[in-house]
Amino acid sequence: MDLKQVEKKWQKIWADTGLYKFHRDRVDKKCYVLEMFSYPSGAKLHAGHWYNYGPADSYARFKRMQGYEVFQPMGFDAFGLPAENYAIKTGIHPQDSTMKNIATMEEQLKKIGAMYDWDYEVYTCVPEYYKWTQWLFLQLYKHGLAYRKEAPVNWCPSCNTVLANEQVVQGECERCGTTVVRKNLTQWFFKITDYAEELLAGLDKLDWPEKTKLMQKHWIGKSYGGDIEFAVKGREEKFRVFTTRADTTFGVTYVVLAPENPLVDVITTPECRAAVEEYKLNASKVTEIDRLASNREKTGVMTGAYAINPVNGREVPILVADYVLASYGTGAVMGVAAHDERDFVFAKKLGLPIERVVKSADGSPDELPYTDYGVMVNSGEFDGMTSEEGKIAVIKKLEAEGKGALKTNYRLRDWLVSRQRYWGAPIPMIHCEHCGVVPVPEEDLPVRLPYNVEFKPDGVSPLAKSEEFMNVKCPVCGRPARRDPDTLDTFVCSSWYYLRYPDNRNDKAAFDREWIDKMLPVDKYIGGAEHACMHLLYARFFTKALRDMGYLDFDEPFLSLVHQGTILGSDGNKMSKSRGNVVSPDDSIAQYGADVFRVYLMFGFSYVEGGPWNDNGLESIGRFFDRVERVVKKCYGMNFEKRAPEKAEKELNYVRNTTIKSVSADIETFSFNTALARIMEFVNAIYAYDAAVQNKSTLFNDCVKDLVLLLAPFAPHFAEELWEMLGQTYSVFDQRYPVADEKALVRDEVELAVQVNSKLRARITVAQDAAKEDIEKAALEAVAAQLGGGAYKKIIIVPGRLVNIIA
RNA sequence: GCAGUCGUGGCGAAAUUGGCAGACGCGUCGGAUUUAGGUUCCGAUGGGAGACCGUAUGGGUUCGAGUCCCUUCGACUGCACCA
């Protein structure tokens, strides 16, 4: 059959009959299947998109055939850096290129033949959407979850522009090669850290890949310890360090501040100032990634100031070193050279003292640095305590003296959402000389992104150059004021799109609470593992924050998550233009059709693994389709006998039902490759029956019908055509997926392997319900020769599998 | 550097979760159909002549290990001196 014609035909009929329209009145049966939406970059839909969307759609179709009201929307994550860079290069406006790309990708997406209900489509870059992104920002602001603070950005002094991390290559600007420095700007943050504990605790309940949960767990990075307060000698100032090893506090021989720590400027002595300033300048030139490279040589300088260790009153030097980060803990660390790997290296390098205060508990000799737990020594009243006891006891004592506190620390940082970019949602805030920072009133939303803006980089946010945009009346006092010139991180747009889909036309609210409480959470979310920590964590945060603000009533957005693997080029490398190994789906589809392409992707790879592309796999799927088509054609119009040979009937019916059972189970776990293998076996069994039995009964017809139904989610156009060929009524997707007849799954006889001393020696066939004694007897008979005298120590029987005789 | 995942025929991969390793497919070989090639249908296909040997490596637990534990090697992904 001409698959391309068939695909066109059914895509039209599906659209004309509205087959995939979501029925809102059946919401109690809803199944929300969501694939991560596309980013419409210059490129077209690639093999990776297909690998995400094709199998996911097969899952959705399976759910539909099980009677669920499937909601499977599609949309575009349309704001972002690539469109803007493309514009800087070509002069084509981001809005124009983006809308054009979207149109192309929509066409391509329609060719997949997926069940998307396009009525619910969403673009994040249109005012109808970003109005509500801005509204969400305002709600977070009103609830104290959005705030401003200074934070460093990557700054190219030559281009006069802020760079994204990916635009910094080995510390240099990717465009001009100038060394990138860090520069502080006042920017907006979302207080995701308020939810650190809940984000961590909620992971347990989720049906997500374990490794993804583990990655989020590490990202949140909870650790138990305490703050310890050090006074600066001869000054008023005090500062705290966070430590998980307070049992080593007596071994502190120095303390280190991060170069960005504001205290540095305050305490540095005049003699040391020049060196410290130079050190700070150099540190600002090193990107965070380079600065944190583990094999990098440790550096640091003295501030000239001294700190007083609160446990023993000892004076220790205060240094500045870039291995201490301002963003983690308190931006200050106590140096315990004897019991910390990094401190040890640092102390050696700078000639600082090293003093042991912990030794191994069993008294066995150990070398420094000794980083394990042990027993405290040289620690005054704490001598003899174990590290476990000591790290609590030391903090508790300090706490009583007001010089410390037990503390749980999180690695997670607040989410920086300001971008000094054009192509994003404007931040809906106004800066008034008299009233300060004022939110845009909700009735004034959206704050529209102006079209005519000079977005080429020249030192300020592109929007800052648009007087028309910037000038606004202060909503509080009415006097002239300025808008915030920054736009929102695109992750903000994608943190709530799944909430907008079900209610995408709502112009009164971001979404109707009652409705989305019925439609959400998402039942199955499918997308790449690269989003494990950012997108998936941000979306969870948004859901929880919206719940607490009273806009919805569930805790988690995505109950169940699957990551598809990556399809590599046929050379085993990641597909990339520079390698020239990119596989274009369009060519394959033009040749074989969308269904063959989709089935190839599902059969040839383990879904979560992916793997290298292989050209000749497509052809074999085409042949499989032909094989199915032939048996369907043969079946239609055939005259059936009432009875056929019982044995052949029983065998075929057995295969039929085991196929149904395992295919259903496999789709549920996204094991598409094995599901298709079972279907192929079923086809083989139908052929075997056909060859062996002259006068076929209606079982043959039933099996062929089941075959088409089983195949339908995988090859939707093809199956719809076959269903019609069988004289059945439209549509195959309104049929129920076959359900196995449990009675047919029981076989009269089973084959068991017989082992002697765990080595396979024979096979026996016994009745399904054979008694233990009978099995033993049959097994012993079968291996009588090997056993010789017949003596044995014991027999192990694994029901339905094997018998192992230990001689 | 740390963490996670993984390593199975010529190739893509399976393996009921500790129970007959290699399902299914590709490729290859053979047979049938065909004037022939292709298509189609049927069969064989881990290695070895064999007893046997085989799931990266070396050990361990077990009646039994691809699966669990430890060692080493390699690949991929993530994180980045996390105090």
Side-chain angles (χ1 to χ4, degrees), chain A residues 209-212 214-215 217-219 221-223 225 228 241-246 248 255-256 258 288-296 298 321-325 327-336 340-343 345-346 409-412 529-530 532-533 563 565-566 568 572 574 600 603-606 608-621 623-624 626-627 630 662 665 671 673-684 687-688 690-691 751-763 793-807:
Chain A
E210 286 305 318
K211 62 172 182 180
T212 307
L214 199 65
M215 280 166 73
K217 202 174 158 185
H218 289 327
W219 188 271
K222 184 177 186 175
S223 61
I228 296 176
V241 300
F242 174 75
T243 181
T244 53
R245 289 296 304 274
T248 65
V255 293
V256 186
E288 193 154 320
I289 293 203
D290 289 340
R291 178 168 149 182
L292 300 179
S294 53
N295 50 357
R296 190 162 162 266
K298 297 223 171 347
D322 65 5
Y323 80 94
V324 176
L325 302 180
S327 55
Y328 183 79
T330 61
V333 168
M334 61 184 205
V336 186
D340 182 280
E341 208 77 53
R342 295 167 312 244
D343 293 350
V345 174
F346 186 73
N409 195 57
Y410 297 92
R411 197 187 81 105
L412 184 69
E530 66 273 17
C533 287
H563 295 306
T566 314
L568 307 169
K574 240 187 190 149
Y600 164 66
F603 180 66
F605 306 87
S606 161
V608 299
E609 302 276 329
W613 178 265
N614 184 345
D615 282 317
N616 49 24
L618 280 166
E619 226 165 299
S620 71
I621 301 298
R623 284 205 292 273
F624 168 64
D626 291 343
R627 193 168 154 84
R630 276 194 299 276
S662 42
S671 307
N673 53 349
T674 49
L676 283 158
R678 296 292 91 81
I679 292 176
M680 288 172 182
E681 283 174 330
F682 186 33
V683 172
N684 292 344
Y687 268 75
D690 179 38
E751 194 188 64
L752 299 180
V754 182
Q755 299 178 331
V756 177
N757 291 333
S758 307
K759 297 219 170 200
L760 183 66
R761 287 293 177 250
R763 290 169 207 282
K793 287 187 194 129
K794 67 171 171 174
I795 295 188
I796 294 153
I797 297 177
V798 182
R801 302 227 152 259
L802 58 75
V803 181
N804 191 4
I805 300 164
I806 311 304

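All values below were derived from every heavy atom in this structure, side-chain atoms included, with hydrogens, water molecules and symmetry-related copies excluded. Everything numeric in this text was worked out from a predicted model, so none of it was measured. Letters go in sequence order (proteins before strands), and every chain restarts at 1.
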When we call it a touch if two heavy atoms are under 4.0 Å apart, what does [X] touch: a base, just sugar-phosphate, or nothing?
X: A:Lys759; value: sugar-phosphate
X: A:Asn684; value: sugar-phosphate
X: A:Gly221; value: nothing
X: A:Ile796; value: base
X: A:Gly331; value: nothing
X: A:Phe624; value: nothing
X: A:Arg678; value: base

I need the [atom1]-[atom2] distance between [X] and [N], as an integer number of Å.
X: A:Glu341; N: B:C2; atom1: CD; atom2: C1'; answer: 12 Å
X: A:Asp626; N: B:G38; atom1: CG; atom2: C1'; answer: 13 Å
X: A:Arg627; N: B:U39; atom1: CZ; atom2: C1'; answer: 13 Å
X: A:Tyr328; N: B:A80; atom1: OH; atom2: C1'; answer: 13 Å
X: A:Leu760; N: B:A51; atom1: CG; atom2: C1'; answer: 15 Å
X: A:Leu618; N: B:G25; atom1: CG; atom2: C1'; answer: 13 Å
X: A:His218; N: B:U77; atom1: NE2; atom2: P; answer: 18 Å
X: A:Arg761; N: B:C52; atom1: CZ; atom2: C1'; answer: 10 Å

Given [options], which nucleotide is nearest the side-chain atoms of [X]?
X: A:Tyr323; options: B:C81, B:G12, B:G4; result: B:C81
X: A:Lys298; options: B:A13, B:G19, B:C81; result: B:C81
X: A:Leu802; options: B:U40, B:C63, B:G19; result: B:G19
X: A:Leu325; options: B:A83, B:C41, B:G19; result: B:A83
X: A:Asn673; options: B:A13, B:G4, B:C63; result: B:A13

[atom1] atom, [N] versus [M]: distance in rounded Å?
N: B:U67; M: B:G22; atom1: C1'; result: 15 Å
N: B:U72; M: B:G60; atom1: C1'; result: 15 Å
N: B:C6; M: B:C69; atom1: P; result: 11 Å
N: B:A14; M: B:G7; atom1: C1'; result: 16 Å
N: B:U5; M: B:G9; atom1: C1'; result: 23 Å
N: B:C24; M: B:A15; atom1: P; result: 14 Å

- [ ] Hey, which sits more toward the 5' end of RNA chain B by its nearest nucleotide, A:Arg623 or A:Ser671?
- [x]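 It is A:Ser671, whose closest nucleotide lies nearer the 5' terminus.
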
Check for a donor-acceptor pair, side chain of [X] on one end and backbone N or O of [Y] on the other, with a separation under 3.5 Å.
X: A:Tyr323; Y: A:Phe346; value: no
X: A:Asn804; Y: A:Ser758; value: yes
X: A:Asp343; Y: A:Val336; value: yes

Task: Quiz item: A:Arg245 side-chain donor-acceptor pair to B:A83 base, under 3.5 Å - done: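 Side chain to base: no pair below 3.5 Å.
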
